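Report on the structure given below.
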Amino acid sequence: MPLQALRNRVKEIDLSPACGEVVRINPTLITGRHLRVGIGDTVRIVSSLHQHSTLGMVSEVKEGEFNITPFSFTEGFSVGDKIYLNESGMQIPMSRELLGRVVDPFMQPIDSKG
């Protein structure tokens, strides 16, 4: 197979890894690498030590790295934790039980109605 034909075939293949990794973290920003993302993509950051996760939105993409604005606190996360692209995006379930309720951005009730 000629080299140019091989290059063309490789261009058609998604070479993005299944997950990325955290390389820097502070209270309001997480920096990751090794994942093909775009501005506005929703990602899930998974702590390997504390077995919890949070969602975040990609807010900046640089060559080789990207920044995530987390939707919750960053306590418990560390360098090396995994980042996964949330391909379904943000999905907010709705039901009659939520009518008239006060909820947070993740549709969790925060009023005193239980």
Side-chain angles (χ1 to χ4, degrees):
M1 174 179 290
L3 182 58
Q4 188 58 41
L6 183 57
R7 285 182 181 154
N8 290 338
R9 286 187 59 199
V10 168
K11 284 181 184 178
E12 296 172 7
I13 301 170
D14 182 11
L15 299 175
S16 177
C19 69
E21 69 175 337
V22 173
V23 293
R24 281 187 302 284
I25 188 166
N26 71 47
T28 59
L29 195 68
I30 296 173
T31 302
R33 66 177 174 202
H34 301 310
L35 187 64
R36 187 177 294 169
V37 295
I39 298 289
D41 282 349
T42 304
V43 295
R44 178 170 298 280
I45 304 103
V46 179
S47 169
S48 56
L49 296 176
H50 302 287
Q51 301 301 316
H52 70 280
S53 66
T54 188
L55 292 174
M57 182 177 289
V58 176
S59 56
E60 183 178 7
V61 177
K62 305 176 201 174
E63 188 173 326
E65 293 184 344
F66 54 92
N67 290 331
I68 302 163
T69 303
F71 294 153
S72 65
F73 297 110
T74 59
E75 286 85 7
F77 293 98
S78 60
V79 170
D81 286 345
K82 301 299 181 196
I83 304 169
Y84 299 92
L85 183 61
N86 187 4
E87 294 185 18
S88 61
M90 288 290 292
Q91 294 185 353
I92 300 173
M94 297 298 296
S95 66
R96 289 201 163 278
E97 290 78 23
L98 288 176
L99 285 175
R101 301 289 304 270
V102 179
V103 295
D104 68 12
F106 300 105
M107 300 308 287
Q108 300 300 313
I110 57 174
D111 54 20
S112 61
K113 296 182 180 180

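All values derive from a computational prediction rather than experimental measurement.
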| said: Starting from Ile25, can I reach Ile45 by hopping between I/L/V/M/F/W/Y residues whose side chains sit under 4.5 Å apart? | reply: yes
| query | If you measure from OG1 on Thr54 to CD on Glu75, what distance do you get to the nearest 0.5 Å? | reply | 10.5 Å
| task | State whether the side chain of Thr69 and the backbone N or O of Ser59 hold a donor-acceptor pair below 3.5 Å, judged by distance alone. | result | no
| said: According to ring pair (Phe, Tyr, Trp, His ring centres under 6.0 Å), who are the partners of His50, at least two apart in sequence or on a separate chain? | reply: none
| query | Hey, what do you get for CD1 (Ile83) to CD1 (Ile30), rounding to the nearest 0.5 Å? | reply | 7.0 Å
| Can you hop from Val46 to Leu29 via hydrophobic side chains spaced under 4.5 Å? | no
| Taking C-beta and beyond as the side chain, do Asn67 and Thr31 meet within less than 4.5 Å on heavy atoms? | yes
| request: Give the cluster check for Met57 versus Leu55: same hydrophobic cluster or not, with ILVMFWY residues linked at side-chain heavy-atom distances below 4.5 Å. | output: yes
| Can you tell me how far the NZ atom of Lys62 sits from the CZ atom of Arg33, to the nearest 0.5 Å? | 13.0 Å
| request: Please go through Val79's hydrophobic cluster and name the other residues, only I, L, V, M, F, W, Y counting, with side-chain heavy atoms under 4.5 Å joining them. | output: none
| Which atom names give the shortest non-hydrogen contact between Pro70 and Thr28, and what distance separates them? | CD-O, 3.5 Å
| query | Among the clusters formed by ILVMFWY side chains lying less than 4.5 Å apart, do Ile39 and Tyr84 turn up in the same one? | reply | no
| note | Minimal heavy-atom distance between Ser53 and Arg44, with the atoms involved, is OG-NH1, 2.9 Å
| field | Closest approach of Ser47 to Gly76 (non-hydrogen atoms, all atoms of both residues) | value | OG-O, 3.1 Å
| note | For Lys82 and Cys19, the nearest pair of non-hydrogen atoms, with its separation, is CD-SG, 3.8 Å
| Under 3.5 Å, is there a donor-acceptor pair between the side chain of Asn86 and the main chain of Thr42? | no
| Hey, are the side chains of Asp41 and Phe66 touching, using non-hydrogen atoms and a 4.5 Å cut-off? | no
| field | Spacing of Ile68 atom CD1 and Thr74 atom OG1 [to the nearest 0.5 Å] | value | 11.5 Å
